[in-house]
There are 2 protein chains.
Amino acid sequence: MIMIFSGLPLARNHFQHAAAVTEGGFQLTDRVPLIDKKFANRVDWNLMRTFVDIVRAGGIGAAARQLNRQQPSISAALKRLEDHVGTTLLHRTATGVEMTAAGKAMMTLCEDMLESARMMPHQIAQATKRVEGFVRIQIVSGLVSPEFDEAIASFHRRNPDIHIEIRVSPWRQVLDALEQGEVEIGVSYDSSVRGSLMYEPLLVERQQLYCSRSSPYFGHRVSRLIELKDERFVLTGEDEIELIRNLRRRNRLGTRVSGLAEDINEAQRLITLGVGIGFLPVLAAEGAVARGRLWPLLHADVEPSYDIYLLARTDPARDTATQLFWDEVFRRVRALRMA
Amino acid sequence: MIMIFSGLPLARNHFQHAAAVTEGGFQLTDRVPLIDKKFANRVDWNLMRTFVDIVRAGGIGAAARQLNRQQPSISAALKRLEDHVGTTLLHRTATGVEMTAAGKAMMTLCEDMLESARMMPHQIAQATKRVEGFVRIQIVSGLVSPEFDEAIASFHRRNPDIHIEIRVSPWRQVLDALEQGEVEIGVSYDSSVRGSLMYEPLLVERQQLYCSRSSPYFGHRVSRLIELKDERFVLTGEDEIELIRNLRRRNRLGTRVSGLAEDINEAQRLITLGVGIGFLPVLAAEGAVARGRLWPLLHADVEPSYDIYLLARTDPARDTATQLFWDEVFRRVRALRMA
DNA sequence: CATGATCATAGATCAAATCGATGCCACCCG
DNA sequence: CGGGTGGCATCGATTTGATCTATGATCATG
C-alpha cells in the first residue's frame with residue numbers, strides 16, 4: 001500500500017467522514033486506490049485511450065492486434081489503469097472482456113476525452129487559418145429544417161473558404177452516395193441501419209395526405225382511408241418511404257396513378273394543380289396549406305412520422321472541412337434536444 | 001461559395017476534382033503536422049494535461065516548479081505537442097507564455113479532457129458503491145429555483161446515503177462559511193469576486209417593492225420612488241444587497257424603519273402584515289401577490305436584478321459527495337442555459 | 001480430451017522522458 | 001549602457017518505465 005500525504009492533512013480531520021468512500025482505503029481492501037485527490041494529475045492519460053480501444057475491440061488481444069502491440073502490453077496497461085482507479089473496470093472472460101458498472105462510467109468519460117482529442121486538429125485548423133476544402137451534402141427533397149439551414153449559414157460564415165455543395169436525391173441514393181464516398185454528409189431517412197454510417201437524429205418528419213382546392217374532399221377530413229381508394233394519386237416513386245408505401249397498400253391507395261415525381265416539390269406542384277392526391281411532408285406543404293392551395297385529409301394524430309438523420313461515414317479520419325461541418329450541425333441539434 | 005444542384009444532375013467528373021481537393025484536405029501548412037489522420041491516436045495525451053498546466057501556471061518554468069520537474073522537461077513536452085499539432089500554441093515571451101489563437105482552441109479542448117479526467121474517481125465511486133458522505137449547503141433566504149430543487153431531489157434519489165444539510169443565512173455569511181470550510185456548497189449573491197471561490201450563475205433574481213393590502217398605495221403603481229420617502233419601511237438588514245441599498249439611499253427610502261428581518265420570509269411576513277413597505281425577491285413574493293396580500297409598487301421593467309451564483313471553493317480536490325452534487329446542479333443549469 | 005481461444009505473469013530490452021549544465025535573449029535598473 | 005535577472009531552448013547523459021518474448025493458467029468448443 002502506498003500512502004501519500006500532501007499539504008495539510010490534519011486540518012481536514014473534520015471532513016474525514018465526508019470522504020467515506022475513498023477513505024475506506026486503509027482497512028486492507030484487496031486493492032487500494034493509489035490516490036484519489038489529484039487522480040487526474042497522476043494517471044497516465046494514455047491509459048484512457050487504450051481503455052477505449054480495448055472496449056471497442058472487445059478484448060485485450062483484439063485491441064493489441066489493432067494497435068500493433070503485443071497482448072501483454074495492453075494487459076499491463078489495463079492493469080495500471082485499474083490500479084489507479086482502484087476498481088475492476090473490465091471482467092476478463094474466455095471470449096474477451098465485458099465492462100463492469102465502473103467500467104461503463106469510465107468508458108463514457110474516456111470517450112468524451114477521445115472526442116476532445118479527435119477535435120483538436122480540426123479546431124486548431126479553424127482557429128489558425130481559414131480552412132479550405134469541400135463539403136458535399138446530399139439530402140432528400142422537401143426537407144424543412146431551420147436548424148440545418150442555420151447550421152449551414154453559420155458554418156459558411158465561419159469558414160467562407162469551404163465550398164459547400166448540395167445535391168438532392170431520393171433517400172436510397174443519399175445513402176448509396178455516402179457509402180461510396182461521393183459525398184461526405186447526408187440528410188435522409190433510412191429504413192435500416194448501415195454499419196458504415198453514423199446516424200444522428202436531426203428531426204422527426206411527418207407526412208400528410210393532401211388534395212388540391214379542386215378536389216371534392218377539399219375542406220373535409222377523411223376518417224377511413226379506404227374511402228379514397230379510387231382517387232387519382234400522385235406518387236413520389238423511389239423517394240417514397242416504406243411507412244407510406246405500406247399505408248397506401250393497406251388501404252389500396254394509389255392504384256390509379258395520375259402523377260409521379262421523385263422530387264417532393266414537384267410532387268407538391270402536381271397535387272396542387274389537381275392532378276391527384278398524395279402524401280407530402282407536413283412542413284414542406286405548410287406554406288401551400290396556409291395559402292389555401294392544399295388541404296390535409298387526415299387527422300393530425302394519424303400522420304405517419306419517421307426520423308430524418310444527419311449522416312456521415314464512420315470513417316474516423318474525416319477531413320477537417322467535413323468534421324467541422326458535422327460538428328456544427330451536431331452541436332445545434334444536441335443543444336436543441338436538451339430543451 | 002455555395003453550390004446547389006437540384007434534381008440528379010452531373011455525373012462523376014465534377015466530383016472527381018472535388019475528391020482531389022479533399023485529398024489535399026489538411027494542407028494549411030507552414031509546418032507540417034506529423035500526422036493528422038489518427039492524430040488522437042498518436043499524440044501522447046499527457047502532453048495535453050501538461051499544456052493546461054503550462055497555461056494555468058503562466059509559463060514553462062512556473063509549470064515546471066509546480067509539477068516538480070525541471071524546466072527543460074516541460075519545454076520539451078510543449079515542443080512535442082506543438083510538433084504533433086503542427087502549429088505554435090504558445091508564444092514565449094520574456095514574462096512567460098501567451099496563447100496563440102490555436103493555443104486557445106487547444107486550451108478549451110484540453111480543459112474538457114481534464115474535466116473528464118477529474119470526474120473519473122467520482123463517477124466510478126457512484127457507479128460502484130453507494131457513495132456516503134456529507135454535503136453542506138448554505139443559501140440565502142427567499143431563494144426560489146425549481147432547477148436547484150430538482151437537482152437536490154434527483155441527487156438524493158441517486159445518492160440516498162449522502163446527508164444533505166441546508167443552512168440559511170445572509171449572503172455575506174454564505175461566502176464566509178464557504179471560504180472557511182464550514183460548508184461545501186453555497187448559493188448566494190456576491191458583490192465582488194473572491195478568488196478562492198468558483199461562481200456558476202444559477203439564476204437572475206429580481207426584486208420588487210411591495211406594500212400590504214392595508215397600504216394606501218395598494219393597487220397603484222408608483223412612478224417616482226421618492227414619493228415614498230416618508231413611508232415606513234421593512235428592511236432586511238445584513239441581507240440587503242448593495243444594489244437595493246443604493247436604490248433606497250438615492251430615493252431616501254427607509255429613513256423610517258418600522259421592521260427588520262434578516263430572513264426574507266420573515267420580512268415578507270412583516271410587509272404583508274402592514275408593518276411597512278419593503279423590497280422582496282419577485283419569485284419569493286409571487287404567491288402572496290397572487291393571493292392579493294402583497295402589491296408590487298414598481299413597474300416590472302425597473303425591478304433591480306442581479307445574479308445568484310452556485311458557489312464552491314476552488315479546491316481542486318473536492319470530496320466525491322460534493323463533486324457529484326456540484327456536477328448535478330451544474331449539468332442542469334448548463335442544459336437550461338442552452339435553451 | 002484435445003484444440004484454440006482468452007488473459008496473466010516474469011524477466012530482458014529498449015525507447016523516450018527527464019535531468020543537469022549551458023547558452024541565448026529580452027527586459028529592468030543602477 | 002552594461003551588468004544583473006528571469007525567461008526559455010539546446011545538448012548529451014541518465015534512468016524510468018512501457019513494451020517485448022516466452023511461458024503458464026483458464027476457459028470455451030468440437
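The basis for the numbers below is simple: all heavy atoms, side chains too, and nothing from hydrogens, waters or symmetry mates. None of the values given here were measured: they were computed from a predicted structure. All chains are named by letter (A, B, ...) in the order of the sequence lines, taking the proteins before the strands, and each is independently numbered beginning at 1.
Helix bend of the helix from C:dC1-D:dG30 to C:dG30-D:dC1: the angle between its two end axes, each built from five pairs, comes to 30° after rounding to 10°.
Nearer the 5' end of DNA chain D, as judged by each residue's closest nucleotide, is the contact made by A:Asp44, out of A:Asp44 and A:Pro72. Between A:Gly96 and B:Ala76, the residue whose closest nucleotide on DNA chain C is further toward the 5' end is A:Gly96.
In the set C:dC7, D:dC8, C:dC19, C:dC19 carries the atom at the smallest distance from any side-chain atom of B:Ser73.
Residue A:Ser75 places at least one side-chain N or O closer than 4.0 Å to OP1 or OP2 of C:dA8. The side chain of A:Arg92 places an N or O atom within less than 4.0 Å of a non-bridging phosphate oxygen (OP1 or OP2) of C:dA8.
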| message | Please determine whether side-chain hydrogen bond (donor to acceptor under 3.5 Å, both in side chains) holds for the pair A:Thr88 and A:Glu82, giving the CA-CA distance in whole Å, both sets of side-chain angles, and the decisive distance to 0.1 Å. | response | CA-CA 6 Å; A:Thr88 307; A:Glu82 287 180 330; 5.0 Å; no

| said: Could you walk me through whether A:Thr322 and A:Arg136 satisfy the side-chain hydrogen bond (donor to acceptor under 3.5 Å, both in side chains) test, starting with their C-alpha distance in whole Å, then the side-chain angles of each, then the deciding distance to 0.1 Å, before giving a yes or no? | reply: CA-CA 8 Å; A:Thr322 303; A:Arg136 292 166 298 179; over 6 Å; no

| query | How far apart are the C-alpha atoms of B:Tyr189 and B:Glu242, what are their side-chain angles, what is the distance that settles it, and do they pass the side-chain hydrogen bond (donor to acceptor under 3.5 Å, both in side chains) test? | reply | CA-CA 10 Å; B:Tyr189 162 79; B:Glu242 280 95 342; 3.3 Å; yes

| field | side-chain hydrogen bond (donor to acceptor under 3.5 Å, both in side chains) evaluation trace for B:Asp53 with B:Gln66 | value | CA-CA 9 Å; B:Asp53 290 328; B:Gln66 287 183 15; over 6 Å; no

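Here C:dC7 presents its P atom at 13 Å from CD of A:Glu82, a figure rounded to the nearest Å. If you measure from atom CG of B:Leu47 to atom P of C:dT18, you get 9 Å, rounded to the nearest angstrom. Atom-to-atom, NE2 of B:His91 to C1' of D:dA9 comes out at 16 Å; the value is rounded to the nearest Å. Distance B:Gln71 CD to C:dA21 P: 14 Å, rounded to the nearest Å. In this structure, the CG atom of B:Leu78 is 7 Å from the P atom of D:dA9, given to the nearest Å. C:dC19 atom C1' lies 12 Å from atom CD1 of B:Ile74, rounded to whole Å. With rounding to whole Å, B:His84 atom NE2 is found 12 Å from C:dA16 atom C1'. With rounding to whole Å, B:Asp83 atom CG is found 14 Å from C:dA16 atom P.
In this structure, B:Glu328 does not pair ionically with B:Arg157, as no charged nitrogen and carboxylate oxygen lie closer than 4.0 Å. Between A:Arg92 and A:Glu98 there is no salt bridge, since no side-chain nitrogen of the basic residue lies less than 4.0 Å from a carboxylate oxygen of the acidic one.
At a non-hydrogen distance threshold of 4.0 Å, B:Asn68, B:Arg69 from residues 52-69 of chain B come into contact with DNA chain C.
Between B:Thr87 and B:Ala102, the closest heavy-atom pair is CG2-CB, 4.1 Å. Contact between B:Val52 and B:Cys110 at its shortest, heavy atoms only, is CG2-CB, 3.5 Å.
Counting heavy atoms from C-beta on, the side chains of B:Val333 and B:Leu310 never come closer than 4.5 Å.
Within 4.0 Å of B:Gln70, counting heavy atoms only, lie sugar-phosphate atoms of the nucleic acid but no base atom.
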